[in-house]
Amino acid sequence: MFENLSNKLNTAMRTLKGKGRITDVNVAATVKEIRRALMDADVNYKVAKEITDRIKDEAMGQKIVIAVDPGQMLVKIVHDELVKLMGSQVQGINLKSEPSVILIAGLQGSGKTTFSGKLAQYLKKSGRNVLLVACDIYRPAAIDQLKVLGEQVEVEVYSEPENKNAVQIAQNALEYARKMGKKVIIVDTAGRLAVDEAMMNEIAAVKEAIKPSETLFVVDSMTGQDAVNTAKAFNDRLNFDGVVLTKLDGDARGGAALSIRHVVEKPIKFISTGEKMDALDQFYPDRMASRILG
Ligand code: GDP
């Protein structure tokens, strides 16, 4: 994960490692390299600038130039800033109401349906009675896909293949969940290939109708800056609660993971690292920073 970024950051910092005497000039040059590494990884320009300005201030403030091991000190400073950038704390999902409604939003192909199946399994393993809801009224294949996943993870799937009203399906599913004593319902919605008004209107209407305790925005981490722009568009409209980053097993460059939290001010809550149902993890900013720094 993020090998390129890891290599570049480490190369940048290596110039300070083992140096007996360093100067402010060395530090400034290293910080510039760090900024370049972040931008090469598709980190948003403003984010890269802000974080490296802070790294520089911290490094100077902590008198890195007279430290015994300036390289090590800088690694710690960079690590801590990466953690801060990604949100510091692990953020769980809100499951207080009963049934708790979790709405899944995102573009087509981002990994929504796969994530819905994974989340269903994850919550089922923690002892909850879960219902999956297929709310994609445009692609019958999407309903079938969710059914297959539901079978795999042994979670019931609610669908109304003939109904073309997503709001109604969601409301009916909620009613059904109440009747059946389900504790959590996960509503997988339709996505489009790009942000469009009709999709936003539909999902906003579903949200309004079923009042989820948690709205999760799913995004493909391989799409870099686009991931951040899409997140912004969805957040402006839906005011979601958290982000799910998918396809981190691919060769994503790291930009989305590092920028999203800062740009939309919403935490990353889960990461998806494969097509299998157990390839899901909660997002730990600290672990991610350690991974990035190798
Ligand atoms: P949706 O259109 O948003 O519902 O997206 P899907 O869940 O259908 O996922 C689109 C494609 O990406 C499928 O082929 C999934 O198997 C694949 N996929 C989803 N999540 C991941 C992931 O974390 N890693 C990888 N490698 N593939 C994934």
Side-chain angles (χ1 to χ4, degrees), residues 1-4 102-123 130-153 155 157-159 161 166 169-170 173 185-196 198-200 202-203 206-207 212 214-224 226-231 233-235 237-238 240 242-258 260 268-284 287-288 291:
M1 199 186 283
F2 310 150
E3 282 83 9
N4 234 326
I102 305 174
L103 185 66
I104 312 294
L107 293 182
Q108 189 178 315
S110 59
K112 278 187 310 298
T113 305
T114 309
F115 170 72
S116 299
K118 289 177 180 180
L119 184 64
Q121 172 169 272
Y122 177 89
L123 294 172
V130 183
L131 179 70
L132 277 165
V133 180
C135 239
D136 190 334
I137 52 175
Y138 308 101
R139 293 189 316 131
I143 302 180
D144 295 338
Q145 187 190 352
L146 195 65
K147 280 188 180 157
V148 170
L149 295 178
E151 255 168 50
Q152 255 181 54
V153 301
V155 166
V157 176
Y158 182 95
S159 69
I169 299 172
I185 81 167
I186 301 170
V187 182
D188 182 21
T189 59
R192 303 280 165 84
L193 290 173
V195 171
D196 82 41
M199 170 184 71
M200 286 296 184
E202 180 181 286
I203 188 153
V206 170
K207 184 174 185 208
E214 187 78 32
T215 301
L216 294 175
F217 167 69
V218 179
V219 68
D220 179 343
S221 59
M222 312 260 281
T223 58
D226 275 349
V228 178
N229 295 334
T230 312
F234 272 80
N235 193 46
R237 193 63 198 271
L238 285 182
F240 56 68
V243 177
V244 179
L245 273 186
T246 64
K247 309 187 192 179
L248 277 172
D249 52 314
D251 58 358
R253 287 185 288 173
L258 286 169
I260 268 190
I268 299 170
K269 295 196 171 181
F270 289 99
I271 55 174
S272 178
T273 52
E275 297 183 82
K276 296 227 171 72
M277 285 296 100
D278 50 8
L280 179 72
D281 287 298
Q282 261 198 294
F283 180 72
Y284 293 92
R287 283 187 204 167
M288 186 57 84
R291 266 174 113 150

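Both counts, for ligands and for their atoms, begin at 1 and track the order of listing. Note that the coordinates shown come from a computational prediction; the quantities given were computed from them, not determined experimentally. Just so it is clear, the values below take in all heavy atoms, side chains as well, and ignore hydrogens, waters and symmetry mates.
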J.: If you measure from each non-hydrogen atom of Asp188 to ligand 1, which part falls under 4.0 Å: side chain, backbone, both or neither?
T.: neither
J.: Taking the minimum heavy-atom distance to atom 3 (O) of ligand 1, which of Gln108, Arg192, Lys112, Lys118 ranks first?
T.: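 It is Lys112 that holds the nearest heavy atom.
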J.: So, regarding Phe115 and ligand 1 (criterion: nitrogen or oxygen to nitrogen or oxygen, under 3.5 Å), is there a contact or not?
T.: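 No: no nitrogen or oxygen of Phe115 is under 3.5 Å from one in ligand 1.
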J.: Starting from atom 7 (O) of ligand 1, which protein heavy atom do you reach first, and at what distance in Å?
T.: Thr114 OG1, 2.5 Å
J.: Answer yes or no: is there a donor N or O on one side and an acceptor on the other, between the side chain of Asn235 and the main chain of Phe240, under 3.5 Å?
T.: yes
J.: How far is atom 11 (C) of ligand 1 from its nearest protein heavy atom, and which residue and atom is that?
T.: Lys247 NZ, 4.2 Å
J.: Considering heavy atoms of the protein only, find what lies nearest to atom 24 (N) of ligand 1 and give residue, atom and distance to 0.1 Å.
T.: Asp249 OD1, 2.8 Å
J.: Could you tell me if any non-hydrogen atom of Ala279 lies under 4.0 Å from any atom of ligand 1?
T.: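 The answer is no: ligand 1 sits nowhere under 4.0 Å from a heavy atom of Ala279.
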J.: List ligand 1 atoms under 4.0 Å from Gln145, heavy atoms only on the residue side.
T.: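 Those qualifying, in numeric order: 6 (P), 7 (O), 8 (O).
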J.: How far is atom 13 (C) of ligand 1 from the closest protein heavy atom, and which atom is that?
T.: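 In this structure, atom 13 (C) of ligand 1 has Glu275 OE1, 4.3 Å as its nearest protein heavy atom.
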J.: Are any side-chain N or O atoms of Thr246 and backbone N or O atoms of Ser272, one a donor and one an acceptor, separated by less than 3.5 Å?
T.: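 Not confirmed, Thr246 side chain does not pair with Ser272 backbone.
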J.: Will you find, in the side chains of Tyr138 and Glu202, an N or O donor that is under 3.5 Å from an N or O acceptor?
T.: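 Side-chain D/A pair, Tyr138 to Glu202: present.
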J.: Do me a favour and list the nearest non-hydrogen protein atom to atom 2 (O) of ligand 1 with residue, atom name and distance?
T.: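 Among all protein heavy atoms, the one nearest atom 2 (O) of ligand 1 is Gly109 N, 2.7 Å.
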J.: How far does NZ of Lys118 sit from CE of Met277, to the nearest 0.5 angstrom?
T.: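 Spacing of NZ (Lys118) from CE (Met277) equals 6.0 Å.
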J.: So is Thr246 polar-close to ligand 1, meaning N/O to N/O under 3.5 Å?
T.: no
J.: Quick check: does any side chain N or O of Lys207 sit under 3.5 Å from a backbone N or O of Leu238, one acting as donor and the other as acceptor?
T.: yes
J.: Return the set of residues passing side-chain hydrogen bond (donor to acceptor under 3.5 Å, both in side chains) with Thr114 (not counting sequence neighbours), or none when no residue passes.
T.: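 Applying side-chain hydrogen bond (donor to acceptor under 3.5 Å, both in side chains) to Thr114 gives none.
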J.: Using distance alone, decide if ligand 1 has a nitrogen or oxygen within less than 3.5 Å of any nitrogen or oxygen in Leu248.
T.: no
J.: Around atom 23 (O) of ligand 1, find the nearest protein heavy atom and jot down its residue, atom name and distance.
T.: Ser272 OG, 2.8 Å
J.: Which residue supplies the protein heavy atom nearest to atom 4 (O) of ligand 1, what is that atom called, and how far is it?
T.: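 Checking every protein heavy atom, the shortest distance to atom 4 (O) of ligand 1 gives Thr113 OG1, 2.7 Å.
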J.: Answer yes or no: is there a donor N or O on one side and an acceptor on the other, between the side chain of Lys112 and the main chain of Gly106, under 3.5 Å?
T.: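 Yes, because the side chain of Lys112 sits within donor-acceptor range (under 3.5 Å) of the backbone of Gly106.
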J.: Using 30° and 60° as the class boundaries, would you call the ring planes of Phe270 and Tyr122 parallel, tilted or perpendicular?
T.: perpendicular
J.: Does Thr273 reach the main-chain N or O of Asp249 with its side chain, forming a donor-acceptor pair under 3.5 Å?
T.: no
J.: How far is atom 22 (C) of ligand 1 from its nearest protein heavy atom, and which residue and atom is that?
T.: Gly274 O, 3.2 Å
J.: Using a 4.0 Å cut-off to any heavy atom of Leu107, which atoms of ligand 1 qualify?
T.: 3 (O)
J.: Please indicate whether Gln282 has more than 12 foreign heavy atoms, meaning atoms of other residues, nucleotides or ligands, lying under 6.0 Å from its CD.
T.: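 Enclosed: over 12 neighbouring heavy atoms sit under 6.0 Å from CD of Gln282.
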J.: Quick one: does Gly191 get a heavy atom under 4.0 Å from ligand 1?
T.: no
J.: Do other residues, nucleotides or ligands put more than 12 heavy atoms under 6.0 Å from the CZ atom of Arg287?
T.: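 No.
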